[in-house]
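Lettering follows sequence order; numbering is per chain, from 1.
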Amino acid sequence: MHNVFDMRAAILRWYDDQGRTLPWRVRPEDRAAGVVPEPYAIWLSEVMSQQTTLAHATPYWTAYLSTFPTVIDLADADREVILSMWAGLGYYARARNLHKCAGVVRDEHGGVFPTDEKTLLTLPGIGPYTAATIAAICAEEATNIVDGNVERVISRIFAYDDPLPKGRKGLRELAGTLVRDDRPGDYGQALMDLGATICSPKSPTCLICPWQTWCVAHAAGESVKYPIKTKKKPTPVRYGYAYVLRCGDQILVERRPDKGLLGGMLGVPTSAWGEKPTDHSAAPMKRNWEKIGEVVHVFTHFELRLDVFGAEKDQIDDRMWMFDPSGLPTVFSKVVKSAHKKTGP
DNA sequence: CAGTCGTGGCT
DNA sequence: TAGCCAAGACT
């Protein structure tokens with residue numbers, strides 16, 4: 001039923017023809033001409049792309065590669081610079097691990113970025129997905145690349161009925177049955193491309209899918225039903241106060257602790273998050289604090305609502321969140337209410 | 001191993 | 001619009 005040889009031939013043909021390019025990708029024709037993917041650049045792109053849209057990650061990739069041309073440059077760089085350049089990308093543990101990883105490559109691997117899956121798995125910030133992908137792309141190792149895209153494609157092809165995340169292990173094993181030695185790097189990227197373009201979550205275009213003839217879900221007219229997932233509970237709400245202390249065009253910021261939310265990043269002082277405070281004991285200094293706005297920020301597992309305090313004439317705007325390369329705190333992602341200015345478009 | 005980690009775009 | 005989702009890793 002699922003002829004692996006034919007399936008791989010079909011998706012690789014589709015990949016060769018569709019010509020999708022990414023800034024860090026070496027196309028098959030260039031690969032054939034002798035161009036070899038640079039492991040450092042691939043690693044950067046994969047880490048930045050974890051749980052992040054490629055459109056969002058790409059400018060960061062360009063900036064990092066330009067500022068730190070080699071892994072040695074990155075390892076030798078100041079941590080604060082690396083962190084500040086990550087501002088806005090999210091999941092900041094990735095930035096801390098990025099620097100850590102570069103240091104390990106410099107100190108324990110002679111500055112040469114590893115390309116075998118086993119070694120890659122030992123590095124900070126590199127898990128099963130990233131290790132498999134770097135090894136496949138850079139060393140043509142026949143690894144089992146499984147990301148969100150692949151989960152969706154494979155679950156549909158096999159009409160996999162076990163709900164995620166519990167069924168993740170079984171789904172991964174299913175994906176593994178399609179792994180072969182032939183062009184592992186291109187195959188992995190083709191599979192992810194397929195999930196990102198044709199086999200989309202809500203409206204897959206099955207009619208032009210290279211795997212249509214093998215897709216059990218499509219045959220049953222149930223493509224969008226997969227992957228089946230268990231419902232997640234609603235995100236709770238936490239409250240707190242934030243303090244915008246201005247002096248000229250400067251704003252007081254603090255370096256947040258390394259562990260936990262927004263770890264290592266700059267931020268305006270806030271109270272603890274939980275029940276809404278009833279006083280200003282968490283304020284950075286004594287002052288006649290006046291509420292100048294409200295802010296909502298939705299994190300992965302809770303929603304944060306902050307009352308923002310400052311001086312009367314202070315304002316908050318839509319581009320003001322907690323970090324900024326210059327050291328200025330800037331923006332809360334969504335200003336619900338501002339005491340002095342417009343609340344949005 | 002279930003919880004902890006951002007942020008923006010899409011429907 | 002309220003939820004879903006994104007080239008996941010770590011504890």
Side-chain angles (χ1 to χ4, degrees), chain A residues 20 22-25 42-61 83 86-98 100-101 120-137 143-154 164-166 168-169 172 175 185 187-197 199-204 224 227-238 256-265 267 273 296-304 318-319 321-323 330-334:
Chain A
R20 186 177 192 229
L22 298 175
W24 50 84
R25 174 175 292 176
I42 299 298
W43 164 67
L44 269 183
S45 76
E46 294 304 335
V47 171
M48 289 175 171
S49 302
Q50 291 165 3
Q51 295 293 286
T52 306
T53 59
L54 300 188
H56 192 38
T58 297
Y60 288 82
W61 181 83
L83 288 183
W86 201 273
L89 198 51
Y91 286 134
Y92 299 97
R94 293 184 296 173
R96 284 170 293 185
N97 284 329
L98 197 76
K100 230 184 269 178
C101 181
L120 286 165
L121 273 173
T122 69
L123 297 174
I126 298 185
Y129 161 77
T130 305
T133 304
I134 296 175
I137 292 176
T143 58
N144 189 17
I145 298 175
V146 181
D147 72 333
N149 290 307
V150 177
E151 282 183 351
R152 185 169 54 255
V153 172
I154 299 299
L164 306 185
K166 224 181 70 183
R168 207 154 251 154
K169 174 177 279 181
R172 179 184 170 76
Y187 170 75
Q189 293 176 91
L191 201 42
M192 291 189 280
D193 277 9
L194 188 64
T197 57
C199 197
S200 63
K202 301 290 184 184
S203 52
V224 294
I228 298 174
K229 299 188 176 181
T230 55
K231 264 191 298 194
K232 41 185 155 185
K233 35 190 161 186
T235 61
V237 181
R238 297 181 192 172
R256 299 177 57 81
D258 230 36
K259 296 197 168 177
L261 207 71
L262 306 171
M265 304 299 288
W273 304 340
V296 174
H297 198 82
V298 181
F299 294 102
T300 307
H301 50 293
F302 67 92
E303 179 180 306
L304 178 64
D318 283 347
R319 293 312 311 172
W321 178 229
M322 291 188 162
F323 15 68
T330 33
V331 186
F332 296 101
S333 66
K334 184 172 185 186

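When all heavy atoms are compared, the tightest approach of A/Arg94 to A/Val47 is NH1-O, 3.0 Å. In this structure, A/Leu83 and A/Met265 approach most closely via the heavy-atom pair O-CE, 3.4 Å.
Looking at residues two or more places apart in sequence or on another chain, you find a side-chain hydrogen bond (donor to acceptor under 3.5 Å, both in side chains) between A/Asp193 and A/Gln18, A/Arg20, A/Arg25. Residues passing the ring pair (Phe, Tyr, Trp, His ring centres under 6.0 Å) test with A/Tyr60, sequence neighbours excluded: A/His56.
Comparing B/dC1 with C/dA9, their C1' atoms are spaced 14 Å from each other, to the whole Å. Comparing C/dA7 with B/dA2, their C1' atoms sit 23 Å apart, to the nearest whole Å. The same atom, P, is picked in B/dG3 and in B/dT7; the two are 22 Å apart, to the nearest Å. Nucleotides B/dG6 and C/dC4, compared at atom C1', are 15 Å apart to the nearest Å.
Side-chain contact between A/Trp24 and A/Ile137: absent, with no pair of heavy atoms (C-beta onward) separated by less than 4.5 Å. Between A/Leu191 and A/Val153, the closest side-chain pair of non-hydrogen atoms falls below 4.5 Å. Within the 4.5 Å cutoff, the side chain of A/Leu261 has heavy atoms near those of the A/Trp273 side chain.
A/His301 has its NE2 atom 18 Å from the C1' atom of C/dC4, to the nearest Å. Between A/Met265 atom CE and B/dC5 atom P the separation is 15 Å, expressed in whole Å. One can place CG of A/Leu261 at 8 Å from C1' of B/dG6, the figure rounded to the nearest angstrom. Separating the CD atom of A/Glu303 from the P atom of C/dA2 is a distance of 10 Å, rounded to the nearest angstrom. In this structure, the CG atom of A/Leu262 is 15 Å from the P atom of B/dT4, given to the nearest Å. A/Leu98 places its CG atom 20 Å from the P atom of B/dC5, with the value rounded to the nearest Å. The CZ atom of A/Arg238 sits 7 Å away from the P atom of B/dC5 (whole-angstrom rounding). Atom pair A/Lys231:NZ and C/dC5:P shows a separation of 13 Å (rounding to whole Å applied).
Where A/Pro165 and A/Gly263 each meet DNA chain B at their nearest nucleotide, the meeting point lying more 5' is that of A/Pro165. Across the interface with DNA chain B, nearest-nucleotide mapping of A/Lys202 and A/Lys259 shows A/Lys259 to be the residue nearer the 5′ end.
Within the 4.0 Å cut-off from OP1 or OP2 of B/dG9, not a single side-chain nitrogen or oxygen of A/His56 is found.
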Study note, to complete from the structure: Each nucleotide of nucleotides 6-11 of chain C classed B (base within 4.0 Å of a protein heavy atom), S (only sugar-phosphate) or -, in 5' to 3' order, makes BBBSS-
